[in-house]
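A quick write-up on the structure given underneath.
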Amino acid sequence: MPQGQPSVVPDDGLTTRQRRNRPLVVVHTGIGKGKSTAAFGLALRAWNQGWPIGVFQFVKSAKWKVGEENALRVLGASGEGGPVDWHKMGEGWSWVQRDRQLSNEEAAREGWEQVKRDLAAESYRLYVLDEFAYPLHWGWVDTAEVISVLRERPGNQHVVITGRNAPAELLGLADLVTEMAKVKHPMDAGQKGQRGIEW
């Protein structure tokens with residue numbers, strides 16, 4: 001790709017500046033490691049720009065502590081960059097016990113309803129919907145509704161969605177899609193996750 005130059009300039013009537021500042025939908029999907037990590041990297045950039053950031057963690061338990069949460073909370077409270085709000089919507093991972101599935105579904109739907117309210121109110125400039133591809137893939141949240149809401153969102157709000165198995169319809173809407181592919185992983189050699197790498 002040429003440095004700083006798009007390969008195509010559409011005939012859409014927008015100026016270069018208008019097109020450059022268009023709000024984006026970004027999707028990080030695939031089976032490889034790094035989807036959430038990349039999204040939190042974008043959140044750091046947004047914080048540096050002074051943007052209000054809303055992180056919505058779907059599926060992960062409220063007990064699960066990720067290093068990015070602590071770091072972004074501290075940065076958000078520092079008064080130097082943008083404010084950061086962190087919301088945990090799920091009760092566990094994708095392998096939760098069957099009898100807990102209903103509460104996970106309800107939490108995911110509740111989380112999506114909160115995201116919709118925040119988008120309508122233009123609460124944040126950057127939304128990180130972490131692991132949101134899972135509730136879409138499982139049918140807990142209606143993909144068609146999500147696409148409609150994202151397409152019609154007001155203002156200049158960027159939305160980043162992470163998770164495996166992102167629906168094709170979401171990929172079609174997105175402006176930027178990255179698929180993380182595993183080439184090699186320590187777990188292949190029997191090594192479990194470790195502090196500072198996985199959390």
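Values reported hereafter were calculated over all heavy atoms of this structure, with side chains retained and with hydrogens, waters and symmetry mates removed.
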Quick one: does Lys35's side chain get under 4.5 Å of Asp130's, heavy atoms only?
no

Do Val159 and Leu129 come within less than 4.5 Å of each other through their side chains, counting heavy atoms only?
yes

Determine whether Leu126 and Val160 make a side-chain contact, defined as any pair of heavy atoms from C-beta on separated by less than 4.5 Å.
yes

For a quick test of reading the model, state the closest non-hydrogen atom pair linking Pro167 to Thr143 and the distance between them.
CG-OG1, 3.7 Å

Please report the shortest heavy-atom distance between Gly155 and Pro23, naming the atom on each side.
O-CG, 3.8 Å

Work out which heavy atom in Pro83 is nearest to a heavy atom in Gly50; give both atom names and the distance.
CD-O, 4.5 Å

Go through the steps to decide whether Leu150 and Ile161 satisfy the test side-chain contact (heavy atoms from CB on, under 4.5 Å), and finish with yes or no.
CA-CA 11 Å; Leu150 292 179; Ile161 296 171; 4.0 Å; yes

From CZ (Phe58) to NZ (Lys88), nearest 0.5 Å:
14.0 Å

Going through the checks in order, is the side-chain contact (heavy atoms from CB on, under 4.5 Å) test met by Met187 and Lys192?
CA-CA 6 Å; Met187 289 180 80; Lys192 290 189 173 182; over 6 Å; no

Keeping the roles fixed (side chain from Trp86, backbone from Phe56), state whether a donor-acceptor pair exists under 3.5 Å.
no

With a 3.5 Å distance limit and no angle check, can you tell me whether Arg125 reaches the backbone of Ile53 through a side-chain donor-acceptor pair?
no

May I ask you to test the Trp112-Trp140 pair for a side-chain heavy-atom distance under 4.5 Å?
no

Between CD of Glu131 and CD of Gln57, what distance do you get to the nearest 0.5 Å?
7.5 Å

Sub-4.5 Å side-chain heavy-atom contact between Arg19 and Pro10:
yes

Heavy-atom closest contact (Ala39 atom, Thr162 atom, distance):
CB-CG2, 3.7 Å

Value for OG1 (Thr37) from NE2 (His28), rounded to nearest 0.5 Å, stands at 10.5 Å

Is the shortest side-chain N to carboxylate O distance from Arg73 to Glu69 below 4.0 Å?
yes

Please tell me if the side chains of Glu106 and Arg109 come closer than 4.5 Å, counting only heavy atoms from C-beta onward.
yes

Not counting sequence neighbours, list each pair that qualifies as a salt bridge (charged side-chain N to carboxylate O under 4.0 Å, His left out) and has a residue in residues 142-165.
Lys116-Glu145

Can you find a pair of side-chain heavy atoms, one from Leu119 and one from Tyr124, that are under 4.5 Å apart?
no

dist Trp47:CH2 -> Leu75:CG (nearest 0.5 Å) comes out at 4.5 Å

Hey, is CZ on Arg17 packed in by over 12 heavy atoms from elsewhere, all under 6.0 Å?
no

Using distance alone, with no hydrogens and no angle criterion, decide if Gln157 and Tyr127 have a side-chain donor and acceptor under 3.5 Å apart.
yes

Got Val146 and Leu136 here, is their nearest side-chain heavy-atom distance under 4.5 Å?
yes

So how far is it from Leu44 CG to Leu72 CG, rounded to the nearest 0.5 Å?
5.0 Å

Pairs under 3.5 angstrom only: tabulate donor-acceptor contacts from the side chains of residues 168-183 to other protein residues two or more places apart or in another chain.
unit_1	atom_1	unit_2	atom_2	d
Asp175	OD1	Arg22	NH1	3.1
Asp175	OD2	Val25	N	2.8
Lys182	NZ	Asp188	OD1	2.9
Lys182	NZ	Asp188	OD2	3.3

Any donor-acceptor pair under 3.5 Å linking the side chain of Thr29 with the backbone of Gly163?
yes

Could you tell me whether a side-chain N or O of His137 sits under 3.5 Å from a main-chain N or O of Ala166, the two making a donor and an acceptor?
no

